[in-house]
Amino acid sequence: MTDQRNTSTPIDPAKLDRLAEVAVKVGLGLRPGQDLLLTAPAIALPLVRRIAVHAYKAGAGLVTPILSDEEMTLARYRHGHDSSFDRAASWLYEGMAKAFSDNTARLAIVGDNPMLLSGEDPSKVARASKANSMAYQPALEKIVNFDTNWNIIAYPSPSWAKQVFPNDPEDIAIGKLADAIFAASRVDREDAISNWESHNAVLRERTNWLNGQRFRALQYSGPGTDLTIGLADGHEWEGGASLSKNGISCNANIPTEEVFTTPHCRRVYGHVVSSKPLSYQGTLIDNIAVRFEDGKIVDAKASRGAEVLNKVLDTDEGARRLGEVALVPHSSPISQSGLLFYNTLFDENAASHIALGQCYSKCFVNGAQLTPQQIAAQGGNQSLIHIDWMIGSAETDIDGILADGSKVPVFRKGEWAK
């Protein structure tokens, strides 16, 4: 790898290499002898190759890549037999689950066009998504429960770049998206690893304060929002680096600006509106407005994508309940960029958010020792889905409610009160 920028590509190779290094050393904390399973769009091969280099330098056992392709995905929707949309490669996900049980690390690179399926039959998209979610469960459980160390990063594909910057020529759009990814991922500087150490320390201070408060609930107020989110019994706040069950500290998401925990899935009341659009499987769902009773969404609307939203909510019993609540200040770098990335990895870090569906067992005191039944009894939600959407803004106030009913300011005007 040379230090000189290749002028034929709009993606800075030095920063791309730095992203690969951060993914391996900070995102995964990869240990010598540990295998790595890597999934990515085929277009992201330049990043995949750099990750392999840094992984093997870190002592990786085997690096196994699994690549996807947008044209092959579209070929299925346009030429595949109808019955195929109720199936998924369960054998592949069972193999992934076995790999994670054997201490294989997990790295995912995202970068596909977020609106790739916008022109396809929405019923087929919904059926394929449900089948895939069901088949993926054995592997997903290992990930959400942090059985192994895992990480997600992004690559600026041409199709994604043109979605974010539609008015620019393709090479300019790619360069802009690459720079935005590098900045948000904190690799636009030479001291990226030490910067991540400092950033993790700040997030750890936030989680320590929140865990010390032992709030019973959070109360949100703002335009169109009057919402009380009860917190799960024995919940624990997480943020930045997390310790997986195999003893390895990893940053699951790069970038990340959030601190998050598990809400009580039966103790959410009131109404809330989205502050930013949600891009979900080729549909932009905008101006989401929902009302909760006893933890369940009983009314849901959207100015765009309402049909898709309601199909999502009907996925299973847990789809109408919350599995995560996360706090992100309005001043976060991704928020200040003013960009809509059409990708939750980035957009969720622009605002405080909630997630429909599956909870993280990691967000409980001694969560590694709790059974699924115990987690459910303490208020943890179970579902095939986990979908984050943004509810915070510069006008959002959040109070923490203590066991005695008294309130402590947490956010004021979208920023940390303390």
Side-chain angles (χ1 to χ4, degrees), residues 1-3 13-41 44-67 92-111 138-155 181-182 185-187 189-201 203-204 238-256 345 360-362 367-369:
M1 192 83 183
T2 64
D3 291 331
K15 292 176 182 175
L16 191 71
D17 184 70
R18 203 174 295 146
L19 178 59
E21 183 180 17
V22 164
V24 170
K25 295 181 178 178
V26 177
L28 294 174
L30 196 71
R31 295 285 177 84
Q34 190 178 24
D35 290 346
L36 173 60
L37 174 62
L38 188 160
T39 59
L45 264 176
L47 179 55
V48 172
R49 291 167 178 152
R50 297 314 306 167
I51 287 169
V53 168
H54 286 287
Y56 283 122
K57 282 183 176 180
L62 293 174
V63 178
T64 303
I66 299 175
L67 304 181
L92 175 63
Y93 298 131
E94 288 167 3
M96 286 183 174
K98 185 179 186 304
F100 301 151
S101 295
D102 293 339
N103 198 41
T104 295
R106 163 79 164 118
L107 177 63
I109 300 174
V110 298
L140 181 63
E141 288 176 358
K142 303 292 183 183
I143 295 171
V144 299
N145 293 329
F146 280 85
D147 285 25
T148 192
N149 44 322
W150 58 278
N151 174 240
I152 305 175
I153 58 172
Y155 181 83
I181 289 172
F182 295 148
S185 303
R186 299 173 182 269
V187 298
R189 61 202 84 188
E190 293 186 2
D191 58 342
I193 292 178
S194 62
N195 182 270
W196 268 100
E197 292 174 352
S198 300
H199 183 51
N200 278 330
L203 294 175
R204 189 159 51 248
E238 295 281 343
S242 293
L243 189 66
S244 54
K245 290 180 183 178
N246 61 6
I248 299 175
S249 180
C250 62
N251 270 80
N253 290 347
I254 290 181
T256 184
L345 178 63
Y360 292 118
S361 63
K362 176 72 174 173
Q369 282 73 52

Undergrad: List in chain and number order the residues that pass ring-ring contact (aromatic ring centres under 6.0 Å, His included) with Y93, two or more places apart in sequence or in another chain; answer none if no residue qualifies.
TA: Y136
Undergrad: With distance as the sole criterion, is a donor-acceptor pair present between the side chains of N149 and S244 under 3.5 Å?
TA: no
Undergrad: Just how far is it from atom CG of N103 to atom CD of Q34, taken to the nearest 0.5 Å?
TA: 4.5 Å
Undergrad: Please list all pairs meeting salt bridge (charged side-chain N to carboxylate O under 4.0 Å, His left out) that have one or both residues in residues 92-105, counting only residues at least two apart or in different chains.
TA: K98-D102
Undergrad: Specify the closest pair of heavy atoms between I153 and A23, including all atoms of both residues, with the distance to one decimal.
TA: CD1-CB, 3.8 Å
Undergrad: Do you know the tightest heavy-atom contact between G240 and N200?
TA: CA-OD1, 3.3 Å
Undergrad: Against S185, only a single residue in I254, T256, V26 fulfils side chain to side chain contact (heavy atoms under 4.5 Å, CB included); can you say which?
TA: I254
Undergrad: For residues 146-155, pull every pair meeting salt bridge (charged side-chain N to carboxylate O under 4.0 Å, His left out), keeping only residues two or more places apart or in separate chains.
TA: K142-D147, D147-K245
Undergrad: Could you work out, with side-chain contact (heavy atoms from CB on, under 4.5 Å) as the rule, every residue matching D191, not counting sequence neighbours?
TA: R189, S194
Undergrad: Mind listing the closest non-hydrogen atom pair of P41 and I109 along with its distance?
TA: CD-O, 3.2 Å
Undergrad: Check whether any side-chain heavy atom of V187 sits under 4.5 Å from a side-chain heavy atom of I181, and report yes or no.
TA: no
Undergrad: Run the ring-ring contact (aromatic ring centres under 6.0 Å, His included) test against H54 and tell me which residues pass, sequence neighbours left out.
TA: none
Undergrad: Could you list the residues that satisfy side chain to side chain donor-acceptor pair (under 3.5 Å) with K25, not counting sequence neighbours?
TA: E21
